[in-house]
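Order of the sequence lines fixes the chain letters, A, B, ..., with proteins taken first and strands second; residue numbering starts at 1 for each chain.
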Amino acid sequence: MTGKEAQLRQFREQIAQRAGAILDLEVPQLADAISDPPTRELGDLSLPCFQLAGPLKQAPAKIASQLAAASWDFPWIEAVETAGPYLNFKLRRDQFSKLALERVEQGSDQWGSGSSGHGKRVIVEYSSPNIAKHLAVHHLRSTMLGQAMANLLRCSGHEVVSWNHLGDWGTGFGKLLACWDLFRDTDNLDDPALELREDPVSDLNALYVLYNQASESDPQLESVARDWFRKLEAGDPLAVERWQRIRSVSLDKFDAIYQRLGVHFDQTIGESHYQDAMLAIVKELEGAGILEQSDGADVVRLSEDIPPLLVRKQDGATLYGTRDLASAVLRHQMFPFDRCLYVVDAGQGLHFRQVFGVLKRLGYRWAEDLEHAEFGVMRLQVDGAWKKGKTRGGQVVLLEAVLEQAVQLATSKVHSKNPDLAEDEVAKIAEAVGVGAVIFSDMKSARRKDVNFDLEKILSFDGETGPYLQYTHVRFCSILRKASDLNIKSGGGGRLVEADEVVLLKRVLRFPEVIARAARDAEPSHLSQYLLELAGEFNTYYAQHRVIGDDLELSSDRLALVAALKRTLGKGLELLCVTPLERM
RNA sequence: GUCCCCGUAGCUCAGCUGGAUAGAGCAUCGGAUUCCUAAUCCGGAGGUCGCAGGUUCGAAUCCUGCCGGGGACGCCA
């Protein structure tokens, strides 16, 4: 509850409540209407009176004057003035800054967290790569957006189950299982054993390519692969063992990268897990009488503007959609949820509408709580033009390679900026800066927008970037370090009377609201944008004022402001999986 | 053809539930470093918010139509 109290909203609500009392009028959402005036000269908070005009049958400007004439005896209000239909409040800065800092302090480690999700459970599905392949840059979107959403939801009080829906099943794996025998002379996967290799996934990929080349001249190979997959489905011990090993080395590789990115899953359940559940769901569809035959396949019809969902092929095999139906049912059994997010690219929009639609037809009320948190495609530069990055044609850019490049560049930059640092510290900082730059660039703008993966831009580290935020955080830390050396303690804030100090405090107090909104909309960019604004405002302030100066008491109050900013930016960066740094 | 997403400065994007003069970054031009990190800051230039209607006291924001870009549309995932 501390979190909820420590918001700018509390100040707005007090104003709204008083306005209602003066006018003897109930206006439910009045506090939401209170915002910032366009210029500082006009005041610090503003209440537009348009909405009040209707119920009161008076001109907005007249209502504003009436309100201005009444008593506003809050200790933190200095003056109330009208500007036409707007009622503008000037804050009493000494009081306001004191209250504001107190509220951040009350939040302590919980600063930013709220209670909007209290008692609610959310499942977030994201990342969901295919085993036996490398994570590529295009996996970054789902992985980081999903992790940030999970963090934001958790921070706003939800119980979150993060879910990795692994692509670990399908006829394609038959080929890999066959490779063990087919290419013994080229690469015997038991010698050295897959698990002991430096890069087992690359070796598997190489064999996969060999297989596809071979099958062009020898069509028989296709059926060999099918046989192996059939064996796998039937539970043949050798097939299962080989598949397990592929799965296991793949997961090890994923985990290494997930760890670098700050990504963690509560559940890693692959498509292989739904064999029985799929049979059950098909039976259920039959029982409900909504499974129909169409061209020899089984489909479920939906409303007019959506094509039917294909549940079973002519040969009786199940499909992607069947798996998603089964998975949704199982999820709800395991963790009855209030909301279930699928962080999957926008191209799957129709697919999810179909799956959700079928579950609704089955009468599952929780189907309303399924949500496709779609995002735009990542495009790569190919011959000067931006193209969707697909695995075809070997054009895939490995995520690890991108991270390496970013870290390398960061390393040389740290060296030149800070030559005195120890080597292991440089490595740590460069890792955080390089990886942070890549992550932040992906979460800076609205998730629905397509993004061009512009490595040059990502590695520029200037302007609205992850490193910019980290640098700002480093400034906070430097100031606090210096103060600590000089033995200056944080003050209560009563001397923060500069206009830009009020701006900064208002910004800080908005933090919990921003998190709640970002969690509600499953939109990490709300937080990214907020942090950029906070950093920008501070850096402007920093250029004009000294925090630690001759006036000891003023210094200690400004230190408290810096501490509040540091707490806010630090927490915000963590939520976005960017590491806040002490130096760089 | 049907459906979904997008269209704001040269480029990349913010703009909350409609509110006062539409904001950043990059690029460009000019400036700031005896002092808490210049990965920063300040200033200049740059916009009929795709177009046309409508709703409203008020529209970049909501509704309709059109134009442009991207994507998806049954036996892949």
[N] versus [M] - spacing of their [atom1] atoms, nearest Å:
N: rA22(B); M: rC49(B); atom1: C1'; result: 8 Å
N: rC13(B); M: rU55(B); atom1: C1'; result: 30 Å
N: rA45(B); M: rA9(B); atom1: C1'; result: 11 Å
N: rC41(B); M: rG25(B); atom1: P; result: 7 Å
N: rC11(B); M: rC57(B); atom1: P; result: 38 Å
N: rC16(B); M: rG70(B); atom1: P; result: 27 Å
N: rC66(B); M: rG74(B); atom1: C1'; result: 32 Å
N: rG58(B); M: rG19(B); atom1: C1'; result: 7 Å

Under a 3.5 Å cutoff, is there a donor and acceptor pairing between the side chains of Y86(A) and S46(A)?
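No donor-acceptor contact under 3.5 Å links the two side chains.
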Looking only at side chains, do D324(A) and Y342(A) share a donor and an acceptor under 3.5 Å apart?
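Note: D324(A) and Y342(A) side chains miss the donor-acceptor criterion.
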Identify whether the distance between the nearest side-chain nitrogen and carboxylate oxygen of E374(A) and R448(A) falls below 4.0 Å.
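Answer for the salt bridge query: yes.
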Between R510(A) and E533(A) (salt bridge meaning N to carboxylate O under 4.0 Å), is one present in this structure?
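No, R510(A) and E533(A) are not salt-bridged.
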Heavy atoms only: give me the nearest N205(A)-A132(A) pair and the separation to one decimal.
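Heavy atoms of N205(A) and A132(A) come nearest at OD1-O, 2.8 Å.
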How close do H134(A) and H139(A) get, counting heavy atoms only, and between which atoms?
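Minimum heavy-atom contact is O-CE1, 3.8 Å.
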Tell me what [X] touches on the nucleic acid: a base, only sugar-phosphate, or nothing, going by heavy atoms under 4.0 Å.
X: S294(A); result: base
X: V311(A); result: nothing
X: R583(A); result: base
X: H545(A); result: base
X: R353(A); result: sugar-phosphate
X: V433(A); result: base
X: Q348(A); result: base
X: A297(A); result: base
X: G167(A); result: nothing

Checking F538(A) now: which residues fulfil ring-ring contact (aromatic ring centres under 6.0 Å, His included) with it, not counting sequence neighbours?
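Listed in chain order: F476(A), Y542(A).
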Can you give me the dot-bracket string for RNA chain B, 5' to 3', counting Watson-Crick and G-U wobble pairs with both distances under 3.5 Å, using [ ] for crossing pairs and | for partners on another strand?
(((((((..((((.....[...)))).(((((.......))))).....(((((..]....))))))))))))....
Nucleotides 14-23 of chain B: which of its N/O atoms have a protein N/O under 3.5 Å away?
unit_1: rA14(B); atom_1: OP1; unit_2: A446(A); atom_2: N; d: 2.6
unit_1: rA14(B); atom_1: OP2; unit_2: K449(A); atom_2: NZ; d: 2.8
unit_1: rA14(B); atom_1: O2'; unit_2: Q529(A); atom_2: OE1; d: 3.4
unit_1: rC16(B); atom_1: O4'; unit_2: R517(A); atom_2: NH1; d: 3.2
unit_1: rU17(B); atom_1: N3; unit_2: D32(A); atom_2: O; d: 3.3
unit_1: rU17(B); atom_1: O4; unit_2: D32(A); atom_2: O; d: 2.9
unit_1: rG19(B); atom_1: O2'; unit_2: Y86(A); atom_2: OH; d: 2.0
unit_1: rA20(B); atom_1: O4'; unit_2: Y86(A); atom_2: OH; d: 3.4
unit_1: rA20(B); atom_1: N6; unit_2: S46(A); atom_2: OG; d: 2.3
unit_1: rA20(B); atom_1: N6; unit_2: N88(A); atom_2: OD1; d: 3.1
unit_1: rA20(B); atom_1: N1; unit_2: N88(A); atom_2: ND2; d: 3.4

Atom [atom1] of residue position [X] - does it have more than 12 heavy atoms of other residues, nucleotides or ligands inside 6.0 Å?
X: E26(A); atom1: CD; value: no
X: E553(A); atom1: CD; value: no
X: H351(A); atom1: NE2; value: yes
X: K428(A); atom1: NZ; value: no

Could you state the atom-to-atom distance from CZ of R379(A) to P of rG70(B) in whole Å?
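Distance check: R379(A) CZ to rG70(B) P gives 9 Å.
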Atom NZ of K57(A) to atom P of rC57(B): distance rounded to whole Å?
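Distance, rounded to whole Å: 15 Å.
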I'd like to know if the side chain of W243(A) reaches the main chain of D168(A), judged simply by a donor and an acceptor atom lying under 3.5 Å from each other, with no hydrogens or angles considered.
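Checked: pair present.
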Taking E513(A) for the side chain and R9(A) for the main chain, is one N or O donor matched with an acceptor at less than 3.5 Å?
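Checked: pair present.
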N/O contacts under 3.5 Å, protein versus nucleotides 41-48 of chain B?
unit_1: rC41(B); atom_1: OP1; unit_2: Y468(A); atom_2: OH; d: 2.8
unit_1: rC41(B); atom_1: O3'; unit_2: T540(A); atom_2: OG1; d: 3.4
unit_1: rC42(B); atom_1: OP1; unit_2: T540(A); atom_2: OG1; d: 2.9

Quick one: on RNA chain B, does L350(A) or D295(A) contact a more 5' nucleotide (nearest heavy atom)?
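On the 5' side of the pair lies L350(A).
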For RNA chain B, whose closest nucleotide is more 5', that of T318(A) or that of N418(A)?
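The residue closer to the strand's 5' end, by nearest nucleotide, is N418(A).
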Let me check something: any side-chain donor-acceptor pairs from residues 430-442 of chain A under 3.5 Å, sequence neighbours excluded? List them with distances.
unit_1: E431(A); atom_1: OE1; unit_2: R260(A); atom_2: NH2; d: 3.1
unit_1: E431(A); atom_1: OE2; unit_2: R260(A); atom_2: NE; d: 2.9
unit_1: S441(A); atom_1: OG; unit_2: V438(A); atom_2: O; d: 2.9
unit_1: D442(A); atom_1: OD1; unit_2: R141(A); atom_2: NE; d: 3.0
unit_1: D442(A); atom_1: OD2; unit_2: R141(A); atom_2: N; d: 3.4

How does protein reach along nucleotides 60-65 of chain B, written 5' to 3' as B (base within reach of a heavy atom under 4.0 Å), S (only sugar-phosphate), or - (no contact)?
------
